[in-house]
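What follows is one structure encoded as structure tokens, with my remarks underneath.
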Amino acid sequence: MTTDASDAVEMRNALLRLRRGTGLPIAFGGLLEAGQQMRISELSGTATHALRSLVVTSGTGLGGKTVALSRPCVVTDYSASRQISHEYDAPVAVEGLRSALAVPVVVRHRVRGVLYGALRTALPLGGRMLDAAVEAARDVERALVVRDEVRTLVAGAGPGAGAGPGWEQVREAHAALRALAGRITDPGLRAELLGACALLTAESAGSADESGGSARVRLAPREVDVLACVAAGATNAVAAGRLGVTPETVKGYLRSAMRKLRARTRGEAVVAARRAGWLP
């Protein structure tokens with residue numbers, strides 16, 4: 001498993017959320033790179049670079065124990081703890097860490113990374129802190145699931161795939177991803193999702209993108225969302241539920257899209273949108 005720039009950004013954001021949610025001044029973490037090894041790649045609030053690029057093996061230290069058990073682990077005094085092994089005492093001592101917690105990032109029952117929070121004093125870390133750290137890890141998990149789905153779709157929807165087996169599933173996934181993008185507050189992740197959707201449509205139609213659209217037809221993002229749901233067979237009520245709006249709002253977007261596409265029916269609108277490159 002390799003990491004990319006978007007994974008690093010998500011980890012940095014998660015560390016900031018962990019610090020805000022727990023009140024812990026120090027946070028760090030990383031994703032598994034290969035086998036059962038995890039490299040600490042992101043630091044927040046640290047005073048040194050002693051922990052950067054540290055490779056943690058499953059079963060060793062606090063983070064390695066978390067990877068092996070696939071559950072959160074806590075120590076009140078790292079160097080004196082009998083609950084963990086001590087392969088990493090030197091860099092931990094350089095940073096001056098005492099109390100620490102580690103929570104796993106688990107995607108589809110597999111540990112993909114670890115988030116840590118720590119203090120420079122030996123104090124118990126309560127349940128509220130652990131709950132907040134777990135929630136930060138859940139945010140990373142959700143982002144990784146979405147990115148995995150996007151990468152799978154993009155890899156499987158190459159040139160010539162338009163009429164091949166499974167293309168209807170690609171269209172259903174396209175609609176689902178657009179609906180999901182509308183509910184994501186992180187602008188970077190939302191833009192990444194919409195960009196992947198645009199890649200799918202560009203590869204099948206070759207004439208539009210999310211920012212500019214067809215040279216002859218311009219659709220608003222929500223109009224495309226509604227058409228994607230309709231193309232996947234959703235009724236107005238179902239589309240409304242997916243998009244978090246009312247059925248009347250869906251009707252309004254659909255009427256507007258039909259007018260722009262010069263379509264008389266929902267089916268004609270979908271066909272026209274595909275020809276214009278807005279849908280796969």
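Below, each value reflects all heavy atoms present in this structure, side chains not excepted, and no hydrogens, waters or symmetry copies. By convention here, the first residue in the shown sequence is residue 1.
- Atoms CE and CZ, from Met38 and Arg112 in turn, are 14.0 Å apart once rounded to the nearest 0.5 Å.
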Which donor-acceptor pairs under 3.5 Å do the side chains of residues 65-74 make with protein atoms, sequence neighbours left out?
residue, atom, partner, partner atom, Å
Lys65, NZ, Gln83, O, 3.0
Thr66, OG1, Leu62, O, 3.2

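- A search for salt bridge (charged side-chain N to carboxylate O under 4.0 Å, His left out) contacts involving Glu268 returns Arg264, not counting sequence neighbours.
- In summary, the side chains of Glu87 and Thr60 do not present any donor paired with an acceptor at a separation below 3.5 Å, with no hydrogens or angles considered.
- Heavy-atom minimum distance, Asn236 versus Lys251: ND2-CG, 3.4 Å.
- Side chain of His86 to backbone of Ser81: a donor-acceptor contact under 3.5 angstrom is found.
- Looking at every heavy atom in both residues, Thr22 comes nearest to Leu18 through OG1-O, 2.7 Å.
- Here the CG atom belonging to Leu119 is positioned 9.0 Å from the CG atom belonging to Leu97, to the nearest 0.5 angstrom.
- Heavy-atom minimum distance, Val270 versus Leu227: CG2-O, 4.3 Å.
- Side-chain atoms of Glu95 come within 3.5 Å of backbone atoms of Ala47 as a donor-acceptor pair (strictly under, hydrogens ignored).
- For the atom pair Leu54 CG and Arg39 CZ, the distance stands at 9.0 Å (nearest 0.5 Å).
- Judged by distance alone, the side chain of Arg52 and the main-chain N or O of Ser41 form a donor-acceptor pair under 3.5 Å.
- Between the side chain of Arg274 and the main chain of Leu279, no donor-acceptor pair closer than 3.5 Å is present.
- In this structure, CZ in Arg222 is found 9.0 Å from CZ in Arg178, a value given to the nearest 0.5 Å.
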Residue pair Ser53, Ile40: steps toward the side chain to side chain contact (heavy atoms under 4.5 Å, CB included) verdict: CA-CA 5 Å; Ser53 298; Ile40 295 175; over 6 Å; no

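- Rounding to the nearest 0.5 Å gives a distance of 6.0 Å between CG of Leu31 and CG of Leu144.
- Contact record, Leu16 with Ser44: CD2-OG, 3.7 Å, taken as the closest heavy-atom pair.
- What you find for Leu15 and Leu43 is that their closest heavy atoms are CD1-N, 4.2 Å.
- Under the salt bridge (charged side-chain N to carboxylate O under 4.0 Å, His left out) criterion, Asp77 pairs with Arg98, sequence neighbours left out.
- Taking a cutoff of 4.0 Å between a charged side-chain nitrogen and a carboxylate oxygen, Glu141 and Arg138 qualify as a salt bridge.
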